[in-house]
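Letters go in sequence order (proteins before strands), and every chain restarts at 1.
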Protein chains: 2
Amino acid sequence: MGKEHHHHKPRTAEEYKQFIKNAGLSFTKPRLAILEILVRDHGPFSADEIFKKLPEKMCDLATVFRTLKQFKEKNLINPVKFDEDFTRYEFNDPHHHHHHIICTQCQKMQTIEDCFLEQFEKKLQKMGFREISHSLEFQGVCPRCANA
Amino acid sequence: MGKEHHHHKPRTAEEYKQFIKNAGLSFTKPRLAILEILVRDHGPFSADEIFKKLPEKMCDLATVFRTLKQFKEKNLINPVKFDEDFTRYEFNDPHHHHHHIICTQCQKMQTIEDCFLEQFEKKLQKMGFREISHSLEFQGVCPRCANA
DNA sequence: GAGATAATTGCAAGTGACTTGCAATTACTT
DNA sequence: AAGTAATTGCAAGTCACTTGCAATTATCTC
């Protein structure tokens, strides 16, 4: 996605902690819990979905929004926007760049592994653009819905 | 964008009228005025931007939202989502398919004419997906901002 | 490690984009 | 031209997301 990624996906408890601190954020329980969900369950999730996955009393929904905002600013996660009235976020794994297709009927989402857009970003870079990233999302009726 | 387009861009007053009626919508002054803005000024515009471009007292902002919703349902316009908290819409011109790059500093937008994604949609079609469309948007710092 | 300082959090209230109920107006049908 | 159906204006409502502030928790400094 164009931007620099000096991190790899955290695995151990200690790595999660360092991951958050390396990003320049202080380490708190809510941030750990939210990051774990994004890393382990990797679908693009809305703030609300993440909130519901958190253990009871972990934190307020406002904290989820604040945390997502900071994670995004630190480039740990990417916003994914479908034709919905909320924003989804996904862990920014440089080793697993991909896109999505969402079914306009059943809303089920699948990932598309192919990405042929890096070359295109290089073109833009030659044109003088910097810190380029892109988002590419497909919509359509999935095979199962099409046959029903 | 994958979906069927049986229309071409309207030019004359009569064509605008027929264009709206062909879509199965009744012809009203607000709808004409909104469509004209989308066709003639072609940038992706928010409801608010369109509202401000309308002549005084043309209609309520609520009507702009309602109209955009219907235009979208009739596939006359496409939503374009950047990392903003509102939705932009753009006239769906089958003869001028393109994408955008928006500068994360000055917000200026440029169009990208290239589109190599039709082949990709064909792949998805072979997989059984129907009525496929896509959205591809780039973000980055534009040359002018990069040098400042 | 204790205390000072700075950042984060919970809660409740606030925004802002977008929607909706309803009565009045306008478009379409015949 | 009258009757029916769709659209509109207005105001109130919804929903995702934000924010002010006081209390808590993390980090820094000694």
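K74(B) places its NZ atom 12 Å from the P atom of dA6(D), with the value rounded to the nearest Å. Here dA27(C) presents its P atom at 15 Å from CD of Q70(B), a figure rounded to the nearest Å. Straight-line distance from the CD1 atom of I20(A) to the C1' atom of dA7(C): 14 Å, rounded to whole Å. Rounded to an integer number of Å, the gap from N22(B) CG to dC28(C) P is 13 Å. As a whole-Å value, the separation of L68(B) CG from dT7(D) P is 15 Å. Rounded to whole Å, atom C1' of dC18(C) lies 16 Å from atom CD of E84(B). One can place CZ of R31(A) at 10 Å from C1' of dT9(C), the figure rounded to the nearest angstrom.
The cluster map of Ile, Leu, Val, Met, Phe, Trp and Tyr, joined by side-chain heavy atoms under 4.5 Å apart, puts F71(B) and F51(B) in the same cluster.
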### Query
For every nucleotide of nucleotides 16-26 of chain D, 5' to 3': is a protein heavy atom under 4.0 Å from its base (B), only from its sugar-phosphate (S), or from neither (-)?
SSBBB-----S

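Between E15(B) and K9(B), none of the side-chain N atoms (NZ, or NE/NH1/NH2) sits under 4.0 Å from a carboxylate O, so this pair counts as no salt bridge.
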Side chains of residues 29-45 of chain B: which donor-acceptor partners sit under 3.5 Å, not counting sequence neighbours?
from	atom 1	to	atom 2	distance (Å)
R31(B)	NH1	S26(B)	O	2.9
R31(B)	NH2	Q70(B)	OE1	3.1
D41(B)	OD2	K53(B)	NZ	3.0

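Closest of all the heavy-atom pairs between A62(A) and D60(A) is N-OD2, 2.9 Å.
Cation-pi geometry between K21(B) and F27(B) is not satisfied (NZ or CZ under 6.0 Å from the ring centre, within 45° of the ring normal).
Residues F129(B) and I101(A) are in side-chain contact: their nearest non-hydrogen atoms beyond the backbone lie under 4.5 Å apart.
Between F91(B) and F19(B), a ring centre-to-centre spacing shorter than 6.0 Å is recorded.
Side chains of E90(A) and H100(A): a donor-acceptor N/O pair is present below 3.5 angstrom, by distance only.
Using a 4.0 Å cut-off on heavy atoms, none of the residues of residues 49-60 of chain A approach DNA chain D.
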